[in-house]
Amino acid sequence: MLQKKVLPNLNEGFSRITFCQNDDDVKTAVNTYSFLGLFDSLPPGIIGQKSGDAKVQQGIMKFFKKVDTDGNCSQNSAPKHENNENNPRPMGIEKGSEVGKDEQNDFQWNDAPTLAFPSISTSDFQFNMDKASDVIVEAVADFFSKVDKVKLILVDLSSKSKMLSLVKVKASEKNVDTTRFSTYAGDITRLYTGGGLHCNVIANASNWRLKPGGGGVNAAIFSAGGEALEIATKEQADTISPGSSIIVPVPRTSPLNQREGVTYVIHVLGPNMNPQRPNCLKDDYVKGCKVLYEAYSSLFNNFASIALSQNYQKEYSGDSKSEPTKSVCKSFEAVVECQRSSSEQKSKREVSYGSDCNKKSKYNGDSGGLPGMLEKEEQKSERSDHSAKSSWGSWAHALHQIAMHPEKHNLDVVEISDDFVVLNDLYPKAKKHILVTSRLPGLDCLADIRREHLPMLQKMHAAGLKWAEQFSSHDPSLVFRLGYHSVPSMRQLHLHVISQDFDSTHLRKKKHWNSFNTPFFRDSIDVQEEIKMNGLATIKDEKLLSSELRCHHCKSAHPNLPRLKSHIATCKAPFPSHLQNGQLIFALSGSSDAVSAI
DNA sequence: GTTCTAGAAC
DNA sequence: GTTCTAGAAC
């Protein structure tokens, strides 16, 4: 029954997970937590997990049985740390050693726009270095095949860096021009003061929340950039998807700008192979290499767009040394697309759809086309892929029929507008459960949504919110969540508005519960934010539907649905913090008046 | 999406 | 023996 049980993970909303291997561990943990006061907290992280048996079925279900006490792991054992050798912390100014061609002897390249970038994903995200070095060299070679008069420098803190060695060897084997691509051992935040390098653009191996901290390059760059860089980053985006990058202009007030002359930081998020970090690909290196290639492609293309704009500026200000702007790009159109309009530029910058290169890459076989075109082509292919994959069962068209012809379903429908139809779920999984269904033909699921659908998403959300508030005004005990199933069973995009009591005889299967209480359920406000940012919504894996049953309040695990249902009927714990950012709709104070006034 | 039901779990 | 899950069929 519990064969597919999965371990709890920090990205499910837990701030701290303590693994207990025996009864003593349990007692210690209970004592530790019971001494906490209302405002006390323990350091976040995963505590006591055995490093070697992460895949072994342990987790919280051990609480239900006596376990063998092999006693190797204490409650206070330290969480798994980053590989410090591969992820050195900033250590101040180091004497840099450049391993590429001697820059000083090649004067014409001194003024070329230069991007310094760290190895993405090979440190904290534990991506295999050999594979990563292949991807770097491939991405650099592809980039150089279409963009000229720019330089790239791969930076690592240590002169003994394995990544630098691997990349240097492979770049040489592939005859990559070392005038334009070199490696540098030193601190990326002190390229000028520590190594005399003029790099006005540097890349950061970011985390998905674009937050400082976490150690390694990310901590170092945010630390060097100061508060000004943090604020500038927040102005650009709140989050970033794996395989993409965003450009952040570094304010003049930032020490990174003043001291090092860095005017742009490009935050990049690569694929993650570390199970203790979000979006772990679990050693899927086919996908991993593809995402890593996309990350570098996105980074280099964003850098090219900056280089191009700088050349424009030089040309217009008469500062250009008669170097035609177009010479930056062999495939000029590939980058000039980024310059069309500020709004378009921003959207292009925020998300990468892989290589803009016209030639095929082994990591991105269908990556032909230009950036502007690429998105459209990608949309087409994704949509057609989805359609090809989707074999909707005969039962799955009911919503579509109602959305197209709501007048024929008066008994089911409670509200009709030009954009959506609101109806009661035929098999409600809670006391109140309605669906706000889009009326746009051809829009079947979350994967079909693009930027142009944002206004409609907002209207659907507003309608769902209105109904939730109305229900709450009649029964203030009801709390609602609005969201979409990552992969719906019924075609025609529909927003679930569901009360969080889950008190329904129709809620009978694990799949039912998990479809509303795992990340498979995508909150409407998060989806809207993602579409705004990236033009695409994240689709979570259907495997989540078979994951362990956990209370949506206290996160306790339960062996079967009846036991879970009896637990949630009495659980008094508050909702977890990851749902406290507007995902939950509570009754308004004085809501009766407020709603009746709508 | 649900219903039915064999077989696993208890 | 009863409860519960999960896969097939619709």
Side-chain angles (χ1 to χ4, degrees), chain A residues 1-6 56-68 386-387 389-406 408-409 411-414 420-439 443-448 460 464 481-499 502-518 520-522 539-552 556-569:
Chain A
M1 183 172 65
L2 297 171
Q3 294 304 305
K4 292 183 180 175
K5 180 163 58 64
V6 292
V56 176
Q57 301 300 324
Q58 291 194 9
I60 201 163
M61 292 307 289
K62 288 285 186 187
F63 283 92
F64 295 126
K65 283 184 174 180
K66 291 280 183 184
V67 297
D68 293 336
H386 179 74
S387 301
K389 272 187 284 180
S390 301
S391 49
W392 298 102
S394 54
W395 68 87
H397 301 272
L399 268 182
H400 176 77
Q401 289 301 315
I402 294 173
M404 296 302 118
H405 308 287
K408 294 180 182 173
H409 301 82
L411 292 176
D412 304 314
V413 172
V414 295
F420 57 80
V421 168
V422 183
L423 64 152
N424 287 308
D425 194 300
L426 186 58
Y427 301 98
K429 304 300 186 295
K431 282 179 180 170
K432 289 292 179 186
H433 183 187
I434 61 169
L435 305 176
V436 182
T437 307
S438 160
R439 298 191 66 187
L443 195 65
D444 284 335
C445 56
L446 215 48
D448 292 338
M460 290 170 67
R481 249 179 112 181
L482 280 58
Y484 301 86
H485 284 153
S486 285
V487 183
S489 298
M490 305 274 281
R491 67 176 288 211
Q492 200 64 25
L493 181 75
H494 53 281
L495 171 70
H496 289 268
V497 178
I498 184 164
S499 59
F502 295 104
D503 179 7
S504 166
T505 53
H506 295 291
L507 186 80
R508 292 182 291 104
K509 302 177 83 170
K510 175 184 267 191
K511 181 179 177 178
H512 295 149
W513 176 262
N514 282 336
S515 73
F516 291 103
N517 291 290
T518 66
F520 184 85
F521 188 75
R522 302 294 334 282
I539 310 298
K540 296 291 184 180
D541 201 306
E542 287 179 274
K543 285 177 186 166
L544 286 164
L545 297 176
S546 55
S547 53
E548 211 168 32
L549 292 165
R550 290 180 181 279
C551 171
H552 59 321
S556 58
H558 298 266
N560 55 52
L561 204 59
R563 294 267 288 273
L564 173 69
K565 288 179 84 172
S566 64
H567 166 81
I568 62 171

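Here is the naming used below: chain letters follow the sequence lines, and residue numbers restart at 1 for every chain. Reckoned from all heavy atoms, side chains included, excluding hydrogens, waters and symmetry mates.
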Student: Could you state the CZ-C1' distance from A:R563 to B:dA9, rounded to the nearest angstrom?
Tutor: 12 Å

Student: Tell me whether the OP1 or OP2 atom of B:dC4 has a side-chain N or O from A:K509 closer than 4.0 Å.
Tutor: no

Student: Base, sugar-phosphate, or nothing for A:S489, non-hydrogen atoms under 4.0 angstrom?
Tutor: base

Student: Would you mind telling me which of C:dT5, C:dA6, B:dG1 lies closest to the side-chain atoms of A:L549?
Tutor: C:dT5

Student: Which atoms form the tightest heavy-atom contact between A:P488 and A:H494, and what is the distance?
Tutor: CB-CE1, 3.8 Å

Student: Considering only side-chain heavy atoms of A:W395, which listed nucleotide, B:dG1, C:dA6, C:dC4, is closest?
Tutor: B:dG1

Student: Whole-Å distance between B:dG1 C1' and A:L507 CG?
Tutor: 14 Å

Student: Classify A:L399 by what it touches in the nucleic acid, base, sugar-phosphate, or nothing, heavy-atom distance under 4.0 Å.
Tutor: nothing

Student: Looking only at non-hydrogen atoms, find the nearest pair between A:T437 and A:M460 and report the distance.
Tutor: C-CE, 4.4 Å

Student: Let me know the distance between CG of A:N560 and P of C:dT2, rounded to the nearest Å.
Tutor: 18 Å

Student: Figure out the CH2/P separation between A:W513 and C:dA6, and round it to whole Å.
Tutor: 16 Å

Student: Specify the separation, in whole Å, of atom NE2 of A:H558 and atom P of B:dA9.
Tutor: 21 Å

Student: Round to the nearest Å and state the distance from A:E548 atom CD to C:dT5 atom P.
Tutor: 13 Å

Student: How many Å lie between CG on A:L545 and P on C:dG7, as a whole number?
Tutor: 12 Å

Student: NZ of A:K565 versus P of C:dT3: gap in Å, rounded?
Tutor: 16 Å

Student: Do the side-chain N or O atoms of A:R508 get closer than 4.0 angstrom to the phosphate oxygens (OP1, OP2) of C:dC4?
Tutor: no

Student: For B:dG1, take OP1 and OP2 only and decide whether either is under 4.0 Å from a side-chain N or O of A:H512.
Tutor: no

Student: So which atom in A:R481 and which in A:F516 form the shortest heavy-atom distance, rounded to 0.1 Å?
Tutor: NH1-O, 3.5 Å

Student: Compute the centroid of each ring, for A:H552 and then for A:F502, and state whether the two points are separated by less than 6.0 Å.
Tutor: yes

Student: Heavy-atom count around A:K511 NZ within 6.0 Å, excluding the residue itself: above 12?
Tutor: no

Student: So if I take every side-chain heavy atom of A:H485 and compare against B:dG1, C:dT5, C:dA6, which nucleotide ends up nearest?
Tutor: B:dG1

